[in-house]
Asker: 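Just passing along the structure, written as structure tokens.
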Amino acid sequence: MTTATTLPARHLPGDPSIWVFVLGDMVIFGCYFAAYLFDRGHDHELFLQSQQHLSQGVGAINTLILLTSSLFVALSTQAARAADLRAASGLLTLGGACGAGFVLLKSYEWYSKLSAGLTISSNAFFMHYYMMTSVHFFHVLLGLVILVILRRELQGSAPPRMQLLETGATYWHMVDFLWIIIFALVYLMR
Amino acid sequence: MTQLRRNVKLDQLICWWSIPIFYQFFGLIFGYLTKIMGPPIPGPNLTLEGITAFTLGNARHMQIGIVLLAISLGFASMGTGVIVVQMRRMSGPGPVLAYCYLACGAAAALPGCLFCGLLFAVSVFRPDRDPQIIAVLYEMGFVGFIGCLGCFATQYLVFALAIFLDRRAIFPKWLGYMTLWNLVTELIAAPVWIFRSGPYAWNGLISFYLGVLIFVVWIVCLITWLKKAIKNQPLEEFDPACTGTLLV
Amino acid sequence: MNLTDQRICLWLVPVFGVVLLSAFGVAGVIPPPSPTLTAQEVANFYRDNLGQIRAGMITVNLCGLMFIPFYMVIVVQMQRMAHPSRAFAYSYLSAAASAGSIFLFADLAWSIAAFRPERDPQLIMMLNDLAWMAFISPVGFIMAQNTFLALGIYMDARRQPVFPRWVAHFNILTALLMAPGAFALMFREGPLAWDGSLAFGLHLGTYAVYIAVMFFVVRSALNHQAREAGAAA
Amino acid sequence: MTSHVRNPLTGIWLFLAISTVISWWSGSQHGANSYQASTWVTAIVVLIALVKTRFVIRNYMEVRFAPLWLQLTCDAWLLCLFGLVADGF
């Protein structure tokens with residue numbers, strides 16, 4: 001029972017309403033990226049200098065953490081679909097733990113930047129940096145709440161509602177890939 | 001006594017009609033008359049002359065707009081009333097979320113809307129005032145108006161929660177997610193209190209224009225789906241004694 | 001059915017009506033200072049009767065929202081009406097709550113002006129203007145409340161309606177009579193100025209008469225409710 | 001639990017992790033030359049990010065099985081993003 005069970009063809013994961021949210025959020029984050037790139041175009045040198053202050057190692061670790069948590073959540077969805085609820089719930093807990101790890105590491109990173117005197121209003125780069133990471137941080141917190149709800153769903157007596165699990169998983173993966181893009185644009189881009 | 005209309009949903013429909021009409025007034029007042037939100041919204045880094053030019057530019061229009069605002073803002077609570085009625089119909093979440101929505105609706109009137117109008121009314125009242133005072137009133141009005149986050153954030157959170165928890169699907173689930181966008185726009189409006197230029201200032205592309213765009217999309221969807229919710233409210237939910245006739 | 005809670009809320013109205021009227025008299029709100037005063041005259045006005053203004057404003061701050069229980073009695077009575085839904089009752093409650101916060105904001109502006117009278121007269125005049133604007137011009141809320149109550153009465157399908165029909169007409173009339181108050185922010189002299197006959201006299205006079213009449217109307221509605229409950233018990 | 005780990009998703013995860021390390025390495029290439037703008041590094045980093053995102057969308061979010069319009073919308077969004085970055089240079 002290892003390969004993914006065959007899915008009905010052309011099946012929209014989760015209920016369609018989550019995709020209204022995901023696509024909308026992609027557009028909203030698209031606007032953030034556009035504003036960031038627009039400002040970067042105007043003041044490339046300043047953005048390059050400020051970017052050096054960011055610790056790219058922590059950013060990379062955060063990306064790996066979120067990728068791992070995304071893997072766990074995806075495996076948990078598949079396990080739930082294969083009616084192995086115990087494994088699904090266990091994998092979901094691991095995914096949530098990685099999410100919490102991301103939250104801790106991100107807070108630590110902010111704390112180290114703030115104590116180094118690089119606050120949101122020190123320059124245009126840090127304005128974008130703090131704004132994008134904090135809106136994303138809010139999304140991660142909301143995602144953790146959703147993972148808790150999914151876990152309660154899995155441990156409930158009744159058979160879990162697959163649509164709810166897929167909706168939660170879709171949201172969590174969105175949070176993950178938004179971070180991948182933020183990591184590339186803010187930390188690594190030159 | 002002439003019997004005007006006979007429809008068991010008449011009171012909800014009357015309240016429903018107040019929402020589009022109020023937002024037409026809102027657009028007229030803040031867009032055309034006072035130009036506070038009129039495209040292009042004046043920015044935080046205007047010079048003193050710029051501020052006095054904007055405020056006293058068309059004093060008569062500004063005053064008429066604020067008079068209209070002072071009168072029409074009271075009728076915005078009709079919209080809150082009908083939404084609370086529909087939220088009370090939801091099974092799943094009890095009345096607590098509806099009452100929270102009602103309280104936020106009441107609280108949001110002053111800081112969210114009227115406060116800005118009053119401040120501009122004061123600065124227009126005496127054009128020979130010291131420009132420094134007009135500048136203070138100008139900024140208090142703008143940042144207070146656009147930076148007023150809390151009451152709307154709570155209202156959107158409560159409304160989204162009610163929609164998600166509701167098993168009767170009175171409002172579609174995607175409207176709940178759209179309300180979450182609004183909550184995000186409050187987040188992105190937070191730096192309005194810090195920045196005086198750039199996309200996150202109060203006239204910034206993201207904090208203001210993206211926020212207004214999402215709000216307009218949300219309010220249009222809310223109005224249409226609220227009408228749908230009222231329309232397909234089953235008749236047996238109503239007490240037969242209440243005929244809903246308007247006897248003047 | 002025990003109506004003491006509603007009766008207590010009802011009897012708060014005359015008690016605090018008198019307290020508020022006297023507080024306004026002491027604070028120099030009745031009779032109102034003219035908007036054509038210069039900054040120095042306004043500053044002198046605050047400096048000369050500082051103690052009175054502070055005493056009056058503190059009392060107004062304390063008792064400013066004592067009419068909210070009365071409005072909530074009206075909301076409870078509206079919920080007794082045979083309405084398909086409670087849309088009007090909730091709208092009435094929301095409008096009454098918003099009106100309260102704006103009234104307290106006006107009191108805040110007055111109190112700050114009186115807090116430090118040796119301030120720059122321009123600032124005191126600005127605070128005084130702000131106070132009068134917030135006190136007189138937001139008439140929308142009381143007009144909305146009256147409209148919701150009137151619509152509720154027109155739609156009351158009870159055999160023995162909670163409020164008689166003339167109360168609805170009376171509410172609509174008072175709402176219209178209070179409308180000119182909103183124009184107080186446009187004029188500095190004339191009937192529509194904040195000390196003018198229309199914006200001040202008519203507006204607050206109508207409000208005082210409205211509260212007095214509604215006191216008796218609600219009292220009779222409560223007696224009726226008690227009789228009805230007594231008969232049913 | 002372990003039976004679920006040997007799964008194509010894990011393979012994809014490995015690929016994503018490695019590409020993250022690669023882009024991190026290339027992005028933080030300080031070396032002798034000081035930290036100066038180079039379109040070459042940006043191109044690699046952004047391309048890797050978009051490929052990673054596309055993998056996450058198609059495999060983790062199972063957009064691979066989703067109706068065509070959703071697949072095209074997601075790909076269109078990624079292209080717009082790439083366009084935005086490209087016109088920045």
Side-chain angles (χ1 to χ4, degrees), chain A residues 1-4 7-13 19 22-23 26-27 30 33-34 37-38 40-41 44-45 48-49 51-52 56-57 59-60 63-64 67-68 70-71 73-79 82 84 86-88 90-91 166 169-170 173-174 176-178 180-181 183-185 187-190, chain D residues 1-10 12-14 16-17 19-21 23-30 34-42 44-50 52-57 59-68 70 73-74 77-78 80-81 84-85 87-89:
Chain A
M1 253 320 280
T2 59
T3 55
L7 286 164
R10 288 298 163 261
H11 134 78
L12 191 64
W19 284 98
V22 166
L23 294 175
M26 282 158 81
V27 166
F33 298 145
L37 292 169
F38 183 77
R40 187 184 181 92
H44 204 132
E45 205 37 50
L48 271 178
Q49 294 313 327
Q51 209 174 323
Q52 284 186 4
Q56 292 167 341
T63 315
L64 290 176
L67 276 177
T68 330
S70 233
L71 170 70
V73 168
L75 290 176
S76 154
T77 316
Q78 285 191 350
D84 179 352
R86 218 176 50 73
L91 286 164
E166 281 176 7
T170 310
H173 296 314
M174 174 197 80
D176 173 26
F177 80 70
L178 284 178
I180 291 173
I181 296 172
F183 175 56
L185 291 187
Y187 285 77
L188 300 180
M189 203 164 84
R190 265 341 155 85
Chain D
M1 179 84 89
T2 56
S3 70
H4 290 285
V5 173
R6 282 192 310 285
N7 178 303
L9 289 181
T10 327
I12 291 163
W13 173 78
L14 207 59
L16 291 177
S19 55
T20 309
V21 170
S23 67
W24 170 41
W25 174 76
S26 66
S28 64
Q29 182 59 319
H30 293 289
S34 78
Y35 205 79
Q36 27 81 4
S38 88
T39 51
W40 183 69
V41 167
T42 313
I44 288 184
V45 160
V46 169
L47 269 178
I48 289 179
L50 293 182
K52 276 169 32 179
T53 312
R54 193 160 188 282
F55 263 95
V56 168
I57 289 179
N59 299 294
Y60 283 11
M61 291 167 106
E62 288 156 358
V63 167
R64 207 153 36 104
F65 310 112
L68 203 54
L70 184 58
T73 328
C74 295
W77 184 72
L78 289 172
C80 291
L81 209 55
L84 274 174
V85 173
D87 95 44
F89 283 84

Asker: Based on non-hydrogen pairs under 4.5 Å, which of A:T77, A:V73, A:L64, A:L178 is most in contact with chain D?
Answerer: A:L64
Asker: Got A:F177 and D:M61 here, is their nearest side-chain heavy-atom distance under 4.5 Å?
Answerer: yes
Asker: In terms of heavy-atom proximity below 4.5 Å to chain A, should D:V45 be classed as side chain, backbone, both, or neither?
Answerer: both
Asker: Considering only heavy atoms, which portion of D:I57 lies under 4.5 Å from any heavy atom of chain A: side chain, backbone, both, or neither?
Answerer: side chain
Asker: What distance separates A:M174 CE from D:C74 SG, expressed to the nearest 0.5 Å?
Answerer: 11.5 Å
Asker: Could you state the interatomic distance from CG (A:L67) to OG1 (D:T20), rounded to the nearest 0.5 Å?
Answerer: 5.0 Å
Asker: Does some side-chain heavy atom of D:L70 sit less than 4.5 Å from a side-chain heavy atom of A:L23?
Answerer: yes
Asker: Identify the heavy atoms of D:V46 and A:L185 that sit nearest to each other, and give their distance.
Answerer: CG2-CD2, 4.2 Å
Asker: In Å and rounded to the nearest 0.5 Å, what is the CZ to CD1 distance from D:R54 to A:I180?
Answerer: 14.0 Å
Asker: What part of A:F38 lies closer than 4.5 angstrom to a heavy atom of chain D: side chain, backbone, both or neither?
Answerer: neither
Asker: Measure across A:M189 and D:T42 and return the closest heavy-atom pair with its distance rounded to 0.1 Å.
Answerer: CG-CG2, 2.9 Å
Asker: About how many Å separate CD1 of A:I181 and OG1 of D:T53, when rounded to the nearest 0.5 Å?
Answerer: 4.0 Å
Asker: Using non-hydrogen atoms only, which part of A:V22 is less than 4.5 Å away from chain D: side chain, backbone, both, or neither?
Answerer: side chain
Asker: Output all residues satisfying side chain to side chain donor-acceptor pair (under 3.5 Å) with A:T63, sequence neighbours left out; order by chain, then residue number.
Answerer: A:W179
Asker: For residues D:W77 and A:G30, report the shortest heavy-atom separation together with the two atoms involved.
Answerer: NE1-CA, 4.4 Å
Asker: If you compare all heavy atoms of A:L188 against all heavy atoms of D:S23, which two are closest, and at what distance to 0.1 Å?
Answerer: CD1-O, 3.6 Å
Asker: Which bit of A:L37 comes within less than 4.5 Å of chain D, counting heavy atoms only: side chain, backbone, both or neither?
Answerer: side chain
Asker: Check whether any side-chain heavy atom of A:W19 sits under 4.5 Å from a side-chain heavy atom of D:T73, and report yes or no.
Answerer: no
Asker: Please list, chain by chain and in numerical order, all residues satisfying side chain to side chain contact (heavy atoms under 4.5 Å, CB included) with A:A34, sequence neighbours excluded.
Answerer: D:L84
Asker: A:G41, A:A60, A:A88, A:G59: which one forms the most heavy-atom pairs within less than 4.5 Å of chain D?
Answerer: A:A60
Asker: Rounded to the nearest 0.5 Å, how far does CG of D:L9 lie from OG of A:S70?
Answerer: 10.0 Å
Asker: I'd like to know whether A:L71 forms a side chain to side chain contact (heavy atoms under 4.5 Å, CB included) with D:Y60, so could you lay out the CA-CA distance, the side-chain angles of the two residues, the decisive distance to 0.1 Å, and finally the verdict.
Answerer: CA-CA 7 Å; A:L71 170 70; D:Y60 283 11; 3.6 Å; yes
Asker: Quick one: are A:Q56 and D:W25 in side-chain contact, heavy atoms under 4.5 Å?
Answerer: no
Asker: What part of A:S76 is in contact with chain D, defined as an atom under 4.5 angstrom from a non-hydrogen atom: side chain, backbone, both or neither?
Answerer: neither
